[in-house]
Asker: 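Take this structure, written in structure tokens, and hold onto it; I'll ask about it next.
Just so it is clear: chains get the letters A, B, ... in the order the sequence lines come, proteins before strands, and each one is counted from 1.
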There are 2 protein chains.
Amino acid sequence: MTNIREIARLAGVSTATVSRVINDHPYVNEEKRQKVLEIIRRLDYVPNSSATSLKKGMTRIVGVVSGAYTTSSTPFIQAFNIIAQQHGFHVMLFLTDNDCGKELVALEMLRSKQLDALVCLHRANEWPIIESYTKYGPIVTWQRLVSEHIPSVFMDQYQGYMLGLEHLYARGYRRIMNVYSSKGLNTPQRMRAYDDFSKKYRLDDSGFPDLHGKVSITDGEHIARWWLEQTDKPDAIACSNDDVAAGLLTELKRAGVSIPGEVAIMGFDNNNLARLLDLTTVHYPSDQQAENAFAILLDRLGQQAPPLHTLEFELIERAST
Amino acid sequence: MTNIREIARLAGVSTATVSRVINDHPYVNEEKRQKVLEIIRRLDYVPNSSATSLKKGMTRIVGVVSGAYTTSSTPFIQAFNIIAQQHGFHVMLFLTDNDCGKELVALEMLRSKQLDALVCLHRANEWPIIESYTKYGPIVTWQRLVSEHIPSVFMDQYQGYMLGLEHLYARGYRRIMNVYSSKGLNTPQRMRAYDDFSKKYRLDDSGFPDLHGKVSITDGEHIARWWLEQTDKPDAIACSNDDVAAGLLTELKRAGVSIPGEVAIMGFDNNNLARLLDLTTVHYPSDQQAENAFAILLDRLGQQAPPLHTLEFELIERAST
DNA sequence: GCCCTTTTTTAAAGCGGTTTCAGAAAAGCA
DNA sequence: TGCTTTTCTGAAACCGCTTTAAAAAAGGGC
């Protein structure tokens, strides 16, 4: 096996010097540094990461626990991956299917120091159980949760949703319908935003069905068909996410409906699809959220961490409203 | 820090004995074993996995490289996860977005011994590059590839597809249309199967459009609308996967079409959706494929491996044909 | 009690790195 | 020139675990 001692021997230096070269430490004579680098190249040597981890006391692997790879978690996970990579960390993804056992696997790996930290997007076990693992390493979440041990990069959807509704009002729409996702914790806040909004402007929201559990493109298409059949139609539809809005928009256009002439459509998230279809939507800064999550972990790991972003929803005005 | 020495000291034994207790080795006095276990419990001790990995020369982590989390890779990955877990291995998932750099991250982790082995479902880098990493650890794929260094659990789609077509013929259908996925390597073989099939029974396949790139439920719904408009309709449609078939089936049923009375529909994969909708389909044994992949890796790692399954497609007859 | 086998135990040598510490050499500066 | 400071280097001590080799204890047959 080719190890650091072998490199040292061939380069005629000590292992300490080789280690210094590898880790870019100062105080190494340039000639020796080159010699060492050449031997390393020649022998195709890489440091054994278990040894490094053991000595340094960290693996530079962060676990991300997600119930499944969903539309909402995907951008976060991808952004998290990128920022982690930039800081020399690897990400280990745990798709738990909301199974307690699978989730415990991740927690136990934190305990045995195979992971330095954990991001819990969803959870299967009760919070107290998860909290009991914070003594083994930092854990951060994006769910609404107040605990001094588990910091959260949670965003209050109320504000973001209100932003979209106010925009519709400003554009002159008065018969505004809502489509909710219901899964997750966002719905109650969104409903509250809609209620407050309706009261504020004394809007009439009667006659609209309660649309819950709508999350996919197909769901949007169904809603389009529903809309076509109505006599007393809403003049604007605020969707739970961009996928629903996309399905709704394309299906209505197929039916020859003019948008926003006959009905306005608003999405939520600002994903690629929204950009593609020129859909007005509310930007959900999952990139910055992921960067915040990582920064918090870095900080708790005692490393130099970048400053936190102020997370803010942003209205993206496009052609659909 | 609580380490094995601490446990040994408190239990009044040597670290060797503690290690034996932890690893269930024989020749430990029952009384001492209990004493050690009690101390371990009391101090909430877990062995440091970096140390174990270093000493044992393996991390018991296997990487799975996938371009994205798709309908076809999902069941494989899940099955792989389960079998790996059963053998005390963890799985590190790499979603590469078909980016060479992200893929190299995984390969480099194999090189630095952070991973014991790798499964490449998709690949971004050229095969020779990937092959050059086999000297650092076993790599297995499910793509069609003949290389003595990279074993494959590839299945020839020709046979599976023919199985479905023959079934449709036996049921009396003669105007059989195909829907292809085009992404991936399956399509050419399927087209060949269809050609051979048409020639064998002298079937007329003229007048059908070449449907490629159809992979989603939405795609199936589009095809349904296409079908409704035709005058010279096919009497059976073989779909590239169950999702397409599901979209097609439900959309046609919504339009009042009788299935299989007016048109038969066949899927491919046998996923949950197919079961739910009572869809005739060809079972694709991704579970066994995953188990084979793992068994091959285990074997190459010099561990006792379970015997390989013989992978076979199987026709699942349900109500849609 | 003696000899041989089997069970139990430990000291010590790694696994492959990093880091401290002390010292040597070189450089800077009155 | 002598003295301080900076640069460079390597021996050795770990990090926390497993495993080997050998010693000690126990058991069994005579």
Asker: Of A:R5 and A:G12, whose nearest nucleotide on DNA chain D comes first from the 5' end?
Answerer: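 Looking at DNA chain D, the more 5' nearest nucleotide goes with A:G12.
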
Asker: Any side-chain N or O of A:Y45 under 4.0 Å from OP1/OP2 of C:dG17?
Answerer: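 A:Y45 to C:dG17 OP1/OP2: side-chain N or O found under 4.0 Å.
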
Asker: Treating A:T59 as the side-chain partner and A:S53 as the backbone partner, does any N or O pair qualify as donor plus acceptor under 3.5 Å?
Answerer: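 Side chain of A:T59 to backbone of A:S53: no pair is present.
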
Asker: Are any of A:N3's side-chain N or O atoms less than 4.0 Å away from OP1 or OP2 of C:dG16?
Answerer: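 Yes, A:N3 has a side-chain N/O under 4.0 Å of OP1/OP2 on C:dG16.
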
Asker: Report yes or no: is there a donor-acceptor pair, N or O only, under 3.5 Å between the side chain of B:R20 and the base of D:dT19?
Answerer: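 Side chain to base: no pair present.
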
Asker: In whole Å, I'd like the distance from the CG atom of A:L54 to the P atom of C:dG14.
Answerer: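 In whole Å, C:dG14 P lies 17 Å from A:L54 CG.
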
Asker: Verify side chain to side chain contact (heavy atoms under 4.5 Å, CB included) between A:Q85 and A:H90, making sure each step is shown before the conclusion.
Answerer: CA-CA 6 Å; A:Q85 199 112 278; A:H90 291 303; 4.1 Å; yes

Asker: DNA chain C: B:T17 or A:K56, which has the more 5' nearest nucleotide?
Answerer: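 Its nearest nucleotide lies further toward 5', so the answer is B:T17.
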
Asker: Which atom pair, heavy atoms only, marks the closest approach of B:C120 to B:T141?
Answerer: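 Of all heavy-atom pairs spanning B:C120 and B:T141, the closest is O-OG1, 2.9 Å.
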
Asker: When the distance from CD1 of A:I4 to C1' of C:dT19 is rounded to whole Å, what number comes out?
Answerer: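 Going from CD1 in A:I4 over to C1' in C:dT19 covers 11 Å.
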
Asker: What contact category does A:T52 fall into here, base, sugar-phosphate, or nothing, at under 4.0 angstrom with non-hydrogen atoms?
Answerer: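 Counting heavy atoms under 4.0 Å across all strands, the contact made by A:T52 is with sugar-phosphate only.
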
Asker: Quick one: which of C:dT9, C:dG16, D:dG16 gets closest to the side chain of B:N48?
Answerer: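 Out of C:dT9, C:dG16, D:dG16, the nucleotide with an atom closest to B:N48's side chain is D:dG16.
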
Asker: Check whether A:R60 reaches the backbone of A:G88 with its side chain - one donor and one acceptor, N or O, closer than 3.5 Å.
Answerer: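 The answer is yes, because a donor-acceptor pair under 3.5 Å joins these two groups.
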
Asker: What is the distance from CD of A:E30 to P of C:dA26, rounded to the nearest Å?
Answerer: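 Between P of C:dA26 and CD of A:E30: 17 Å.
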
Asker: Does a side-chain N or O of A:S14 approach OP1 or OP2 of D:dT9 to a distance below 4.0 Å, or not?
Answerer: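 So the side chain of A:S14 is outside the cut-off, no N or O lying under 4.0 Å from OP1 or OP2 of D:dT9.
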
Asker: OP1, OP2 of C:dT8 versus side-chain N and O of B:K32: anything below 4.0 Å?
Answerer: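 Checking C:dT8 against B:K32, no side-chain N or O comes under 4.0 Å of OP1 or OP2.
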
Asker: So, is A:N23 close to the C:dT18 phosphate, meaning a side-chain N or O under 4.0 Å from OP1 or OP2?
Answerer: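 Yes, A:N23 has a side-chain N/O under 4.0 Å of OP1/OP2 on C:dT18.
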
Asker: Is there a donor and acceptor pair closer than 3.5 Å between the side chain of B:K55 and the base of C:dG14?
Answerer: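 Checked by distance alone, the answer is yes.
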
Asker: Does any N or O in the side chain of B:N292 come within less than 3.5 Å of the main-chain N or O of B:V153, such that one atom is a donor and the other an acceptor?
Answerer: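 Not a single qualifying donor-acceptor pair exists.
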
Asker: To the nearest angstrom, how far is B:Q114 atom CD from C:dG17 atom C1'?
Answerer: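 Going from CD in B:Q114 over to C1' in C:dG17 covers 14 Å.
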
Asker: Expressed in angstrom and rounded to an integer, what is the separation of A:E31 atom CD from D:dT7 atom P?
Answerer: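 Roughly 19 Å, once rounded to whole Å.
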
Asker: Checking all strands, does A:V18 fall into the base, sugar-phosphate, or nothing category for heavy-atom contacts under 4.0 angstrom?
Answerer: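 No contact at all - A:V18 keeps every heavy atom at 4.0 Å or more from the nucleic acid.
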
Asker: Would you please confirm or rule out a distance under 4.0 Å between OP1 or OP2 of C:dT8 and any side-chain N or O of B:Y27?
Answerer: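 B:Y27 to C:dT8 OP1/OP2: no side-chain N or O under 4.0 Å.
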
Asker: Can you tell me how far P of D:dT19 sits from CG of B:D24, to the nearest Å?
Answerer: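 In whole Å, D:dT19 P lies 13 Å from B:D24 CG.
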
Asker: Would you mind reading off the distance between A:I22 atom CD1 and C:dT18 atom C1', rounded to a whole angstrom?
Answerer: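 Those two atoms, CD1 and C1', are 10 Å apart.
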
Asker: Suppose we call two aromatic rings close when their centres sit under 6.0 Å apart. Are A:F294 and A:H87 close by that rule?
Answerer: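 Ring centres of A:H87 and A:F294 closer than 6.0 Å.
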
Asker: Expressed in angstrom and rounded to an integer, what is the separation of B:N29 atom CG from D:dA26 atom P?
Answerer: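 Distance check: B:N29 CG to D:dA26 P gives 10 Å.
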
